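This report refers to the structure that appears directly beneath it.
Please read these numbers as outputs of a predicted model, since none were measured by experiment. When a residue number appears, it is its place in the shown sequence, counting from 1.
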Amino acid sequence: QVQLVESGGGLVQAGGSLRLSCAASGRTFSRDVMGWFRQAPGKEREFIAAISWGGTTTYYADSVKGRFTISRSNDKNTIYLQMNSRKPEDTAVYYCAADYAIGLSSAHRQTGGYDYWGQGTQVTVSS
């Protein structure tokens with residue numbers, strides 16, 4: 001079992017920055033592909049970013065490319081999502097997810113590509 005706990009959400013003005021964290025426990029974290037997703041009210045959960053277990057490969061959704069950065073610290077069993085140049089449409093509940101996999105694949109752009117999920121953290125961007 002893997003437990004994931006997100007933190008760092010809150011209210012930020014448009015154009016501002018925020019960093020989310022996701023702490024993992026339960027097994028060897030460094031062997032997991034990790035991802036970030038978000039879900040706005042009335043919408044489906046959508047892919048944001050993913051990172052390979054070694055941190056050398058990353059994927060991003062077009063909507064956040066150039067503004068968001070995913071990273072990880074395997075020593076701290078934590079992944080991060082640095083969000084810059086926030087927009088009101090970034091308002092959503094943000095979730096981290098884990099999949100025990102050797103490397104990134106197209107499946108990691110889908111919710112079905114992950115085995116474990118955190119409880120989510122609310123991020124609100126005011127205009």
Does the pair Arg86 and Phe68 meet the rule for a side chain to side chain contact (heavy atoms under 4.5 Å, CB included), with working shown? CA-CA 9 Å; Arg86 300 304 307 277; Phe68 291 9; 3.8 Å; yes

Checking the side chain of [X] only, and the main-chain atoms of [Y] only, is there a donor and an acceptor separated by less than 3.5 Å?
X: Thr91; Y: Val125; answer: yes
X: Tyr60; Y: Ile70; answer: yes
X: Ser52; Y: Thr57; answer: yes
X: Asn74; Y: Trp53; answer: yes
X: Glu6; Y: Gly120; answer: yes
X: Thr78; Y: Lys76; answer: yes
X: Arg72; Y: Gly55; answer: no

Go through it in stages, so that I can follow the logic: the residues are Glu46 and Arg38, the test is side chain to side chain contact (heavy atoms under 4.5 Å, CB included), and I'd like the CA-CA distance, side-chain angles, deciding distance and then a yes or no. CA-CA 5 Å; Glu46 65 170 345; Arg38 67 186 180 188; 2.6 Å; yes

Does a salt bridge link Asp90 with Lys87, judged by any charged N lying under 4.0 Å from a carboxylate O? no

Between Tyr100 and Asp115 the two heavy atoms that sit nearest each other are N-OD2, 4.2 Å

Within this structure, what is the OH-CG distance for the pair Tyr116 and Asp99, rounded to the nearest 0.5 Å? 10.0 Å

Rounded to the nearest 0.5 angstrom, the CD1-CE distance for Ile79 and Met34 is 4.0 Å

Kindly write out the residues that satisfy ring-ring contact (aromatic ring centres under 6.0 Å, His included) with Phe47, not counting sequence neighbours, or none if the list is empty. Phe37

List the steps, then state whether side chain to side chain contact (heavy atoms under 4.5 Å, CB included) holds for Tyr80 with Ser73. CA-CA 8 Å; Tyr80 306 95; Ser73 171; 4.1 Å; yes

Going by atom type alone, with no hydrogens or angles, which donor-acceptor pairs under 3.5 Å involve a side-chain atom of residues 8-23 and a protein atom two or more places apart or on another chain?
from: Ser17; atom 1: OG; to: Asn84; atom 2: OD1; distance (Å): 2.9

Excluding sequence neighbours, so at least two apart, what forms side chain to side chain contact (heavy atoms under 4.5 Å, CB included) with Ser105? Ala107, His108

Please evaluate residues Tyr95 and Leu4 with respect to the criterion side chain to side chain contact (heavy atoms under 4.5 Å, CB included), reporting the C-alpha separation (whole Å), side-chain torsions for both, the decisive distance (0.1 Å), and the verdict. CA-CA 9 Å; Tyr95 299 89; Leu4 303 174; over 6 Å; no

Trp36 and Met83, any side-chain heavy atoms less than 4.5 Å apart: no

